[in-house]
Amino acid sequence: MMGKWHGWALTAALVLCPAPSWAKPRSITVQTVVVEETGLFRPQQTNIESEEVCGRFRPSDAQVLAWLAKAKEVSAPAFYETATITQCSAKGHLSTTSGKTYPWILDPGGGIIIETSARDAIYLKGPQLPLR
């Protein structure tokens with residue numbers, strides 16, 4: 001749900017470019033962000049977070065859009081080697097100015113994966129997000 005932002009176009013000129021200079025440049029310009037589910041809990045063996053703690057992770061459309069503007073693209077190996085990955089997440093989709101829509105999953109540890117195809121994704125790292 002877009003809540004109080006319903007009817008407003010959340011826009012940002014956000015260009016995501018790969019960090020390694022040898023990688024093929026790819027960019028998307030994000031026009032809107034929609035948060036579909038928040039407070040998701042993925043049980044793992046470590047049990048650092050609990051379902052109750054994850055339930056407090058409720059970023060809004062505007063918060064995710066602002067977070068994207070601060071995030072930097074990294075390679076998949078760098079993402080998994082350096083990102084803080086918790087058992088909590090939120091997910092949704094974003095639309096680009098070219099009219100394409102991509103699903104994403106955001107971790108409060110400061111990482112997002114934007115699935116651009118069945119075999120490709122954009123990995124971003126940014127600031128940690130608060131659990132309310």
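The chain is numbered in sequence order, starting from 1.
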Give, for atom [atom1] of [X] and atom [atom2] of [Y], the distance between the pair rounded to the nearest 0.5 Å.
| X | Y | atom1 | atom2 | answer |
| --- | --- | --- | --- | --- |
| Ser89 | Ile112 | OG | CD1 | 10.5 Å |
| Ile28 | Thr97 | CD1 | OG1 | 9.0 Å |
| Gln128 | Asp107 | CD | CG | 9.0 Å |
| Glu73 | Ile114 | CD | CD1 | 8.0 Å |
| Arg56 | Thr38 | CZ | OG1 | 13.0 Å |

- Linking I/L/V/M/F/W/Y whenever their side-chain heavy atoms sit closer than 4.5 Å, directly or via other members, would Leu106 and Leu131 fall into one cluster? yes
- Message: With a 4.5 Å cut-off on side-chain heavy-atom distances among I, L, V, M, F, W and Y, is there a chain of contacts connecting Ile105 to Ile85?
- Response: yes
- Do the side chain of Gln63 and the main chain of Ser60 share a donor and acceptor less than 3.5 angstrom apart? yes
- Query: Does the pair Lys125 and Thr82 meet the rule for a side-chain contact (heavy atoms from CB on, under 4.5 Å), with working shown?
  - Reply: CA-CA 9 Å; Lys125 284 182 53 182; Thr82 62; 2.7 Å; yes
- May I ask you to decide whether Glu37 forms a salt bridge with Lys91, counting only side-chain N to carboxylate O separations under 4.0 Å? yes
Identify the heavy atoms of [X] and [Y] that sit nearest to each other, and give their distance.
| X | Y | answer |
| --- | --- | --- |
| Cys88 | Thr86 | N-OG1, 3.1 Å |
| Leu124 | Leu68 | CD1-CD2, 3.6 Å |
| Phe57 | Pro130 | CD1-O, 3.8 Å |
| Pro59 | Val64 | CB-CG2, 3.9 Å |

- Message: Under a plain distance cut-off of 3.5 Å, with no hydrogens placed, do Ser95 and Lys100 share a side-chain donor-acceptor pair?
- Response: no
- With Glu115, which residues qualify under salt bridge (charged side-chain N to carboxylate O under 4.0 Å, His left out), at least two apart? none
- Task: Evaluate the side-chain proximity of Leu65 to Val30: yes if any heavy-atom separation is below 4.5 Å, no if none is.
- Result: yes
- Task: Evaluate side-chain contact (heavy atoms from CB on, under 4.5 Å) for Ile122 paired with Thr116, printing each intermediate quantity in order.
- Result: CA-CA 7 Å; Ile122 296 173; Thr116 55; 3.7 Å; yes
- So the ring-ring contact (aromatic ring centres under 6.0 Å, His included) pairs with at least one residue in residues 85-111 (sequence neighbours excluded) are none
- Query: What pairs of residues pass the ring-ring contact (aromatic ring centres under 6.0 Å, His included) test when at least one of them lies in residues 59-80, not counting sequence neighbours?
  - Reply: Phe79-Tyr123, Tyr80-Tyr123
